[in-house]
Amino acid sequence: MARILITSALPYINGVKHLGNLAGSMLPADVYARAMRLLGHDVLYICATDEHGTPAELAAQAAGMDVADYCDEMHQAQKSAGEDFALSYDYFGRSSARSNHALTQDFAARLEDAGLIEERVSKQVYSNADQRFLPDRYVEGTCPNCDYESARGDQCDNCGKLLDPIDLINPYSAVSGSKDVEIRETRHLFLRQSIMADDLRIWVNSHSADWPPLATSIALKWLDEGLRDRAITRDLKWGIPVLRQGFEGKVFYVWFDAPIAYISATQDWAEKTGGDWESWWRTDKGAGEVQYVQFMGKDNVAFHTLSFPTTIIGTNNAGGDQYKLVDNLKAFNWVTWYGGKFSTSQGRGVFMDQAISIAPSDYWRWHLMANAPEGNDAAFTWEEFQNSVNSDLANVLGNFVNRITKYAVGKFDGVVPDGGQDGEHEAWIAAELSERLPALIAHYEAREFRKAAEQTRAIWAAGNEYLTRSAPWTHYKTDVDQAAVGVRAGLNLVALFGIIAQPLIPDAAAKILNAVGVPEGNRTWSFGDFSGVADLLDALPRGLPISPPELLFTKIEDDQIVKWTEMFGGGEV
RNA sequence: GGUGGGGUAGCUCAGCUGGUUAGAGCGCAGGACUCAUAAUCCUGAGGUCGUGAGUUCAAGUCUCACUCUCACUACCA
C-alpha cells in the first residue's frame, strides 16, 4: 500500500467552471483518486477554490457584492458543482482560509531568511477613476503596431504582437473605460527565482522520464529562456496581507498563495477530520514516503514546475520545517469548442452547472475521460458526446447488464444459478480478463486516461462476445446446466464490470453493483494475482437473488443534439 | 518574432529506445443471432503515415528544409 497525495489545480473563484477546466484537472484527479483507493492505497485528494486577485475583485464589483461575500457564494457554488459531478475530494478548501494566511506569511518570512526575497520598485498603470492599479491586460488602447483600437496592454488581439501598456495610444481602463490613467511607481517583493534556476533544472531533468513531455518541455523552455524573478505582491485590498513595513495595503500575488493552499487546505482537512497533515507534507515528519501527484492544464505548468518549487525549495533551504515537492505531474491540453476555446469570460462553451442540467454526471465523466486532451487539444462536439454515451455506455455496458440480468430473471428465477461446469468459453473470457485487467490497472497507474477508458470499454465488449460464444439461450433448450454456466458467468461479469467502472462512472457502477448484490466491502480491486482470474466468474454466491437495474443509460436522441446545439451555440465558429 | 506540441483510414485517435502484410473505436457494407435499450457478435472495404530530400540493410518511427495547425510567450489566473 502506498500513500498518494493528489491535488488538482485550484479552480478560480470568478465563476462556475466549464467542461475544459473539469476535463483538465478536477475530473482526472478524481478518477485517479478513485482508482488508487480501489487498489487499496491510502489516498488524500485535496482541492480548493483560488479566491484572490484582480478578477475576483472585479467580478464581485460587477455583481454588486462585497468581495468576501462574493467568494463565499461562489465557493459554495463550485463546491456544489463538484458534488454534482461526484468529485471525491477528501477536502475542498479555500485559498482565503485563515490557515492559508498564516502559512503564506510564514513561507514569505522563511524565503526572506533564505535570501530569496528582494524589494524592487516597478512602474504600473494606475486608474484614478477606478482608484486601483491595473494589470496589463486591464489597460486597453490603440495598438501602436496595427492601429487596432481595442488592443489589450499585454497583447494585441488583432495583430498578435506582444505589447507593453505604456506603448498603447490613447490608453484607457478596461474596467471603467476611463482615460484618466497614469504611470505610477510602486514597490513590490520579488521572488528571486533566477538564483534557483540551476537547482530547478536538475530537478526537472530528473523527472524527464516520468513526467509527460508537455510538462518537462514547458518547464525547460522557461529555464532555457532564462528564469526571471517574479513579483509576489500586488496592490490590492483582497488577499493575504504582506507583513512588512512599507507594505501596508498590499497583498501577496494570487499565484504565490494559491499553491500554498494545497498545504493549508490539508491543514484544514486535518482540523476537521482529526487527520495528520504533516505526515502528508512534511518530509521531516513522514511525508518522504508519500507519492505526490498534481493534475493541471498546460497553462499552469510553469507555476507548478518553477514558481511553486522555488517557494518550497527556498523555504526548505531556510532550515526547520521541510515540505514536499511534487513527484508526478499530469498536464493536459485543452478541450476546444467548435474551433475555439472555452471561455469563462465570454461565456463560450458548456459550464458545469449547465452540463449537469441536461445530462447525468456519468455521461460527462465518461466522454471527457475517454476523449481526454492528453496528447493534444481535444475537440468537443455534441455528436461525439452522443456517440460516446449511446455506443459505449448504453449499447455496450448498459445493454450487457440488462440482457443477462433479465434473462436470469426470466429463466433462472432471478438468482445466480448453480449447476454445470466451466468449459472452453469460460476459459476464453478468463484469458481475456487475465490480460486486460492488469493492462487496465497499468493505465491507471500511468495516469493514461484515454487508454484506461478504452480498456474498460474493451472489457465490457468482451462480455458481449462471451455471451455470443456461450449462448445460454441456445443451450437452455437442451441442457439447462450448460445454460446455467453462461448465466452464472454473465452475472459475475456484471459484477466485475461494475467494479471496474467505478472510477469513471461511479453512479452507474453503484446501481450495477447493487443490482447483483455486491456488498460494499467487496467492491475493491483486490483481484489477487491474475492466475486466479477464473474465480471472478464464480464469485457471487450461487442462489443469490439479483434484479435488473432500472434503465442505466438513456440514449441521447438526435433532436436533443439539435436542441443543445441551439441552446449553447455549438456549431458556430 | 521566439519556443514547444501536433499533422497516421470518412471522423476521433494508438503506434516506447527505427525491423515481419501500419492498429483501435465510431461511421459504412455484408452476414450471424434473437437473451437484450432496433441492442450484440462476426467478416469486409478503406491509409503513397502533411510535402520534398537525406542517413540506414531497414523509417510513420532518426536528420534537414518546407508547409499547415494549435498552444505558450512571464503583472489574467
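Because the structure is predicted, anything quoted here is derived from the model rather than measured. Chain letters run A, B, ... following the sequence lines, proteins first and then strands; every chain starts at 1.
A distance of about 8 Å separates the P atoms of B:C26 and B:U40, rounded to the whole Å. Annotation: B:G18 and B:C64 have their P atoms spaced 16 Å apart (nearest Å). B:U48 and B:G4 are spaced 31 Å apart, taking the P atom of each and rounding to whole Å. Taking atom C1' on both nucleotides, B:C11 is separated from B:G46 by 13 Å, rounded to a whole Å. The separation of B:G19 from B:A59, taken at their C1' atoms, amounts to 10 Å, rounded to a whole angstrom. Across the C1' atoms, B:U12 and B:G6 are found 14 Å apart, a figure rounded to whole Å. B:G47 sits 14 Å from B:U21 when the C1' atoms are compared, rounded to a whole Å. Comparing B:G15 with B:G50, their P atoms sit 15 Å apart, to the nearest whole Å.
Note on ring orientation: taking the six-membered ring where Trp is involved, the planes of A:His207 and A:Trp211 are parallel (angle under 30°, cut-offs 30° and 60°).
The pair A:Arg192-A:Glu118 meets the salt-bridge criterion, since a charged nitrogen lies less than 4.0 angstrom from a carboxylate oxygen. Ion pairing between A:Arg152 and A:Asp154 holds under the 4.0 Å rule for side-chain N and carboxylate O. Between A:Arg447 and A:Glu445 there is no salt bridge, since none of the side-chain N atoms of the basic residue sits less than 4.0 Å from a carboxylate O of the acidic one. Between A:Asp50 and A:Arg94 no salt bridge is recorded (no basic side-chain N to carboxylate O distance below 4.0 Å).
For the ring pair (Phe, Tyr, Trp, His ring centres under 6.0 Å) test, no residue two or more places apart in sequence or in another chain qualifies with A:Phe449. Partners of A:Arg469 by side chain to side chain contact (heavy atoms under 4.5 Å, CB included), not counting sequence neighbours, listed by chain and number: A:His425, A:Trp428, A:Glu465. The ring pair (Phe, Tyr, Trp, His ring centres under 6.0 Å) test applied to A:Phe295 returns A:Tyr32, not counting sequence neighbours. Here A:Tyr363 pairs with nothing under the ring pair (Phe, Tyr, Trp, His ring centres under 6.0 Å) rule; sequence neighbours left out. Scored by the side chain to side chain donor-acceptor pair (under 3.5 Å) test, A:Ser470 finds no partners at all (sequence neighbours excluded). When the ring pair (Phe, Tyr, Trp, His ring centres under 6.0 Å) test is applied to A:Tyr466, no partner is found at least two apart in sequence or on another chain.
B:C70 atom P lies 14 Å from atom CG of A:Asn333, rounded to whole Å. Put simply, CG on A:Leu493 is 20 Å from P on B:C35, counting in whole angstrom units. In this structure, NE2 of A:His425 is placed 16 Å from P of B:C33, rounded to the nearest angstrom.
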For nucleotides 73-77 of chain B, which of its nitrogen or oxygen atoms have a protein nitrogen or oxygen under 3.5 Å away, and what is each distance?
residue, atom, partner, partner atom, Å
B:A74, N7, A:Arg228, NH2, 3.1
B:A74, N6, A:Gly226, O, 2.8
B:A74, N1, A:Arg228, N, 3.1
B:C75, OP2, A:Arg230, NH1, 2.9
B:C75, O4', A:Arg234, NH2, 3.0
B:C75, O2', A:Asp136, N, 3.3
B:C75, O2', A:Asp136, OD1, 3.0
B:C75, O2', A:Asp136, OD2, 3.2
B:C75, O2, A:Gln124, OE1, 3.2
B:C75, O2, A:Gln124, NE2, 3.0
B:C76, OP2, A:Arg137, N, 3.3
B:C76, O4', A:Arg137, NE, 3.3
B:A77, O3', A:Asp50, OD2, 2.3
B:A77, N7, A:Trp255, NE1, 3.3

Grab the N/O contacts between the protein and nucleotides 8-16 of chain B below 3.5 Å, and write none if there aren't any.
residue, atom, partner, partner atom, Å
B:G15, OP1, A:Lys451, NZ, 3.2

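Between the side chains of A:Gln455 and A:Arg436, at least one donor N or O lies within less than 3.5 Å of an accepting N or O.
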Based on Watson-Crick and G-U pairs with both distances under 3.5 Å, what dot-bracket line describes RNA chain B 5' to 3', crossing pairs as [ ] and inter-strand pairs as |? (((((((..((((.....[...)))).(((((.......))))).....(((((..]....))))))))))))....

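The residue A:Arg469 sits apart from the nucleic acid: no heavy atom pair falls under 4.0 Å.
For residues 214-238 of chain A, the ring-ring contact (aromatic ring centres under 6.0 Å, His included) pairs, not counting sequence neighbours, are A:His52-A:Trp238. Residue pairs meeting the side chain to side chain donor-acceptor pair (under 3.5 Å) criterion with at least one partner in residues 547-558 of chain A, sequence neighbours excluded, are A:Gln386-A:Asp558, A:Asn395-A:Lys555.
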Footprint string (nucleotides 36-41 of chain B, 5' to 3'): B base within contact, S backbone only, - free, heavy atoms under 4.0 Å: BB-SSS

